[in-house]
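The structure under discussion appears below in the form of structure tokens.
For ligands, and for the atoms within them, numbers begin at 1 and follow the listed sequence.
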Amino acid sequence: MKKRIAIFASGSGSNAQKIMEHFKYSDEAEVALVLSNNPDAYVIQRADNFEIPSHIFDRNEFYNTDNVVNILKNLNIDLIVLAGFLWLVPYNLLKAYPNQIINIHPALLPKYGGKGMYGDHVHKAVLANKEEEHGITIHFANEHFDEGEIIYQARFKIDPSDTLDIIKFKGQQLEHQHFPKVIENLLKKM
Ligand code: GAR
């Protein structure tokens, strides 16, 4: 039986795209559902292009009902992947999927994590602090933003001439390169 992945994303979904591409012809796993809190998120279009179903929820459904958990359970989802998902995971979902929810963060955690630390906010802070290296972290999700056991990190050196766009691009390249493989390795152990 193929392992089944659900991806949560709030925006563009370039990581979701790479994951859907990676598993499109896999015998081991498949992306079974894409979920978003944002009806305008481009990730929904990307899911449509792969003929992968999607589900959009609002704050009330996510935090005050078991609807999302029930949908995931009914689809026999094995692993939940947060790929640019900006809401905190509620307790009922954490409890239903212990050690089966992973997140990607565009920094070397525990540095530059926490509420409000996403997208350009992260990279601007890294440049303002004149960091010499930067990178990405893939970690298990818990009830706090950007905490939980670290599964994988990849890093790169920051050149003094690097701009915001450059470090953002380098980080994104690392995310696209590593995230699908880390997911594949994790699923092998499940
Ligand atoms: C990614 O860079 C991811 O690391 C970040 O959002 C971006 C989503 O891009 N996640 C966070 O900042 C979580 N705190 P994408 O929609 O193109 O995949």
Side-chain angles (χ1 to χ4, degrees), residues 5-24 31 33-50 52 54-57 59 62 79-90 93-94 97 101-129 131 133-156 158 162-184 186:
I5 303 164
I7 301 176
F8 283 65
S10 299
S12 160
S14 71
N15 279 285
Q17 171 87 26
K18 292 292 169 190
I19 297 163
M20 292 187 287
E21 282 170 11
H22 186 88
F23 290 103
K24 187 170 162 65
V31 179
L33 184 66
V34 170
L35 302 98
S36 185
N37 57 302
N38 176 7
D40 300 322
Y42 186 55
V43 71
I44 302 299
Q45 179 64 52
R46 295 188 195 266
D48 284 352
N49 295 344
F50 282 86
I52 292 171
S54 53
H55 178 72
I56 294 163
F57 50 83
R59 203 165 267 283
F62 198 45
L79 182 72
I80 295 172
V81 173
L82 311 180
F85 181 63
L86 300 182
W87 287 3
L88 213 51
V89 180
L93 191 48
L94 288 168
Y97 284 92
I101 309 178
I102 65 169
N103 180 45
I104 190 159
H105 186 75
L108 292 169
L109 292 174
K111 283 178 155 187
Y112 304 102
K115 195 168 167 53
M117 271 295 169
Y118 61 89
D120 284 1
H121 300 289
V122 174
H123 306 302
K124 280 181 184 162
V126 166
L127 285 181
N129 287 340
E131 294 283 358
E133 65 167 8
H134 191 23
I136 62 156
T137 302
I138 296 163
H139 64 96
F140 287 107
N142 69 13
E143 64 274 32
H144 303 289
F145 279 111
D146 307 321
E147 291 184 16
E149 189 192 335
I150 291 174
I151 300 165
Y152 187 85
Q153 290 187 308
R155 53 192 76 223
F156 61 89
I158 298 182
D162 279 355
T163 60
L164 177 70
D165 282 346
I166 288 175
I167 66 164
K168 202 167 137 179
F169 179 74
K170 286 182 180 171
Q172 197 179 44
Q173 295 291 100
L174 285 182
E175 292 189 335
H176 293 170
Q177 186 186 339
H178 294 287
F179 204 12
K181 289 182 195 157
V182 170
I183 292 167
E184 187 176 295
L186 203 60

F140 and L186, any side-chain heavy atoms less than 4.5 Å apart: yes
Protein residue, atom and distance nearest to atom 16 (O) of ligand 1, heavy-atom basis: G13 N, 2.7 Å
Residue portion contacting ligand 1 (non-hydrogen atoms closer than 4.0 Å) for I136: neither
Heavy-atom gap Q17 to ligand 1 smaller than 4.0 Å: no
Side-chain H-bond candidate by donor/acceptor type, N37 with S10, under 3.5 Å: yes
Interatomic distance, L164 atom CG to L127 atom CG [nearest 0.5 angstrom]: 6.0 Å
Donor-acceptor side-chain pairing of S14 and R46 below 3.5 angstrom: no
Minimum-distance protein heavy atom relative to atom 7 (C) of ligand 1: G84 CA, 4.2 Å
Residue and atom name of the nearest protein heavy atom (relative to atom 14 (N) of ligand 1), distance in Å to one decimal: H105 ND1, 3.1 Å
Location of contacts on M117 toward ligand 1, heavy atoms closer than 4.0 Å: backbone
contact_flag A9 ligand 1 heavy-atom lt 4.0 Å: no
Backbone or side-chain N or O of E175 under 3.5 Å from ligand 1 N or O: yes
Ligand 1 to N103 polar contact by distance, N or O atoms, under 3.5 Å: no
Heavy-atom side-chain proximity of H176 to N15 below 4.5 angstrom: yes
Identity and separation of the nearest protein heavy atom to atom 17 (O) of ligand 1: S14 OG, 2.6 Å
Which residue and heavy atom of the protein sit nearest atom 5 (C) of ligand 1, plus the separation: P106 CD, 3.8 Å
Atom 10 (N) of ligand 1 [closest protein heavy-atom partner, distance rounded to 0.1 Å]: I104 O, 3.5 Å
Side chain to side chain, F23 and E184, heavy atoms closer than 4.5 Å: yes
Aromatic ring pairing F62/F8, orientation class (parallel under 30°, perpendicular over 60°, tilted between): tilted
